[in-house]
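Below, chain A is the first sequence line, B the second, and so on; all start at residue 1. When reading the values below, keep in mind they use all heavy atoms of this one structure, side chains included, and skip hydrogens, waters and symmetry mates.
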Number of protein chains: 2
Amino acid sequence: MRVPDEPQQRRDGRSTDTRERIHDVALALFVQKGFSHTTLQDIADQLGLTRAALYYHHPSKEQLIASLIQPAKDDVDAFLETAGCNDASPREVIEGFFDLNYRHRLIFLALVRDPSGLGAIDSSGWVTTLASQAQELLAGDDPSPDQRIRAVVALNGLSRCATVLPDIPHDELRRRSIDLALEIIREPSSEPSDESSDSRS
Amino acid sequence: MRVPDEPQQRRDGRSTDTRERIHDVALALFVQKGFSHTTLQDIADQLGLTRAALYYHHPSKEQLIASLIQPAKDDVDAFLETAGCNDASPREVIEGFFDLNYRHRLIFLALVRDPSGLGAIDSSGWVTTLASQAQELLAGDDPSPDQRIRAVVALNGLSRCATVLPDIPHDELRRRSIDLALEIIREPSSEPSDESSDSRS
DNA sequence: GTCTATAGACCGATAGAC
DNA sequence: GTCTATCGGTCTATAGAC
C-alpha cells in the first residue's frame, strides 16, 4: 500500500491535481457560457467525470465559483485601499486599473458576461466599487459631464483592451492602452511615455 | 355582441394593449436580471396575470424575446448595408454607431448582460458583426495595433456612453461622445464639431 | 382572455456502494 | 475518489374549464 506523501498532495488528503483541473475547465466554461448557463454536468463531461465527483472537491457550485473569484476580489481590495489612502495620480490609477483587468481578465470576462456569479461571494458590489472609485479618482468627486464621459471611456477602454485583445503582446498592449487612456482624460504629460512603467503581471 | 373594430384591436382579434404591456415589463426585467434569470412567472406577477395568460399573446418565451430583439437587428442590418456600400466616413460610422446604441440601448443592455438572448433569433452573430464591421470601417482591413486599440476604445466608449449615462441630456451626450470618439481615432477635423449632426432618435 | 392543474425536462445536491 | 441512483426544486409549456 503506497503512502500518499508525494507531490500534489494537500493536508486534507485531496490531490490538488483534479481540483485544479476542475478550476481550469470551469473557468473556461464560465467565460464561454456564463456561470448560470454552465451546469456541473458540463464541467464533469469535459473532465470525463460525473457531477457527484465534483462534490468531493468542492462543497457546492457556489463555493466553486467563489474560489475562482476570491483572488481577483482580494487584488481589487488591495488596489482600492492603497489608491484611496495616498491620493493616487491619474497615471497610477490607470496603470493599476489596467494591470488588475489584465491579470484577472478571464474571471472579469466571466463576471461581465454573467454578473450572477457575484452572488457567490458575500461582499458583492466590489466590482461596482472598483468602477465608481476609479471613476472618481480620475474625474474628481463633482465632475462635469465632459469629465464623466472621458473617465467612462478611458476606464472602459482599458478594461476592454486588457480582456479582448490577447493577440497583441502584453507590453505593447499595456503601453499603448495606458498612453491612450491618459490622452483621453487629458493628462498633460507632453512626453508620451518614459521608458519606465513595465509589466507587473 | 359588440363588434371588435375599435382602436387597439388587431386583425387577429388580440388587443394590442396587453401585448405591449408584456413587452414593456419583460424588457425592463430582462435588463435587470437577464433573459434566462427572468421567468415567465416574474413577468406575469408584475402584470397581475398568470403564466398561462402570457401564452395567449406570445407562443413561447423565445418568441417573446425575439419580438423584442427584431427591431434592433433590422436597424443594425440596415446600417451595415448602407455603411458598407458607400464607404462611410469615420464621422458617419461613429454617428450611426452611437445612434444605434442609443435608440436600442435597453435591448443592447439586456443582450450584453445575457447574450443567451441571441439564441432567440435565427441569424445570431449580428451583434458581433456590427462590432467587427464598425471596427474595420474605422481602422481599415489591415490595422496596426495602435489603430486596433483606438478603434476598440472609441467604439466601446460610444456604446457605453449611450447606454449607461442616461442622466446626461441626449443632445449633449451625443455631441460630446462623438467628438471624443473622433479625437480618439485621430480624425483630423480641427474644428471640434460644426453645428450640424443633430439627434436622430 | 384569463384561470387552475399538471405534464415533462433540467439542475443542484445527497446517500451509499465500490 | 469516483460511481449509480434518487430527491426536491424550478422552469417552460400544454390542456381544459370559465
Side-chain angles (χ1 to χ4, degrees), chain A residues 1-26 29-30 32-68 114 116-117 119-120, chain B residues 1-26 29-30 32-68 114 116-117 119-120:
Chain A
M1 185 186 286
R2 77 180 170 76
V3 191
D5 53 359
E6 309 195 56
Q8 294 178 353
Q9 202 73 16
R10 302 169 72 214
R11 294 174 215 85
D12 58 1
R14 296 177 189 169
S15 82
T16 309
D17 188 36
T18 307
R19 199 168 190 273
E20 304 228 321
R21 283 173 61 226
I22 294 176
H23 265 114
D24 293 344
V25 167
L29 284 172
F30 289 154
Q32 277 180 21
K33 318 201 313 175
F35 296 100
S36 57
H37 288 93
T38 302
T39 68
L40 296 181
Q41 184 78 60
D42 294 332
I43 301 173
D45 284 350
Q46 196 148 329
L47 286 164
L49 297 178
T50 62
R51 269 161 294 164
L54 301 182
Y55 280 93
Y56 178 81
H57 301 276
H58 298 276
S60 70
K61 182 185 181 181
E62 200 171 32
Q63 294 205 35
L64 165 61
I65 295 174
S67 72
L68 283 170
D114 181 3
S116 75
Chain B
M1 187 185 284
R2 80 179 169 74
V3 192
D5 52 359
E6 308 195 57
Q8 293 178 352
Q9 204 72 16
R10 303 169 72 216
R11 293 174 214 84
D12 58 2
R14 296 176 189 170
S15 81
T16 309
D17 188 35
T18 307
R19 200 169 191 272
E20 303 227 323
R21 283 173 62 224
I22 294 176
H23 265 115
D24 293 342
V25 167
L29 285 172
F30 288 154
Q32 276 181 20
K33 321 202 309 175
F35 295 100
S36 58
H37 288 93
T38 302
T39 67
L40 296 181
Q41 184 80 60
D42 294 332
I43 302 172
D45 284 350
Q46 197 149 329
L47 286 163
L49 295 179
T50 62
R51 273 158 290 161
L54 301 182
Y55 281 93
Y56 178 81
H57 300 277
H58 297 278
S60 72
K61 182 185 181 182
E62 200 170 32
Q63 294 206 36
L64 164 62
I65 295 174
S67 72
L68 282 171
D114 182 3
S116 74

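Rounding to whole angstrom units, CD of residue B:Q41 and C1' of D:dG9 are separated by 14 Å. One can place CD1 of B:I43 at 12 Å from P of D:dC11, the figure rounded to the nearest angstrom. Protein atom CG of B:L47 is 15 Å distant from nucleotide atom P of C:dG1, rounded to whole Å. Per the geometry, CG belonging to A:L49 stands 15 Å off C1' belonging to D:dT4, to the nearest Å. Protein atom CD1 of A:I22 is 8 Å distant from nucleotide atom P of D:dT2, rounded to whole Å. A straight line from CZ of B:R51 to C1' of D:dC11 spans 8 Å, rounded to a whole angstrom. In this entry the distance linking NZ of A:K61 with P of C:dC11 reads 9 Å, nearest Å. Summarising the geometry, the separation between CD1 on A:I65 and C1' on C:dG12 is reported as 12 Å, rounded to the nearest angstrom.
When the nucleotides D:dC3, C:dT2, D:dT2 are ranked by their closest atom to the side chain of B:H57, C:dT2 comes out on top. When distances are taken from the side chain of B:L40 to each of D:dT2, D:dA13, D:dT6, the shortest belongs to D:dA13. When the nucleotides D:dT12, C:dT2, D:dT2 are ranked by their closest atom to the side chain of A:T18, D:dT2 comes out on top. The A:Y55 side chain lies nearest to C:dA13 when the options are C:dA13, D:dC11, D:dA13. Considering only side-chain atoms of A:A52, the nucleotide from C:dG12, D:dC3, D:dT2 that sits closest is D:dC3. Proximity note for A:Y56 (side chain, C-beta onward) versus D:dT14, D:dC3, D:dG1: the nearest is D:dG1.
With hydrogens and angles ignored, the 3.5 Å screen pairs no side-chain donor or acceptor of A:K33 with any backbone N or O of B:S116.
In this model, no donor atom of one side chain and acceptor atom of the other lie less than 3.5 Å apart for A:H57 and A:T18.
Annotation: side chain of B:Q41 is in contact with side chain of B:R51 (closest heavy-atom distance under 4.5 Å). In this structure the side chain of A:L64 reaches within 4.5 angstrom of the side chain of A:I22, judged on heavy atoms.
In this structure, B:F30 and B:F35 have tilted ring planes: the angle between them lies in the 30° to 60° band.
One finds a side-chain N or O of B:T50 lying less than 4.0 angstrom from the OP1 or OP2 phosphate oxygen of C:dC3.
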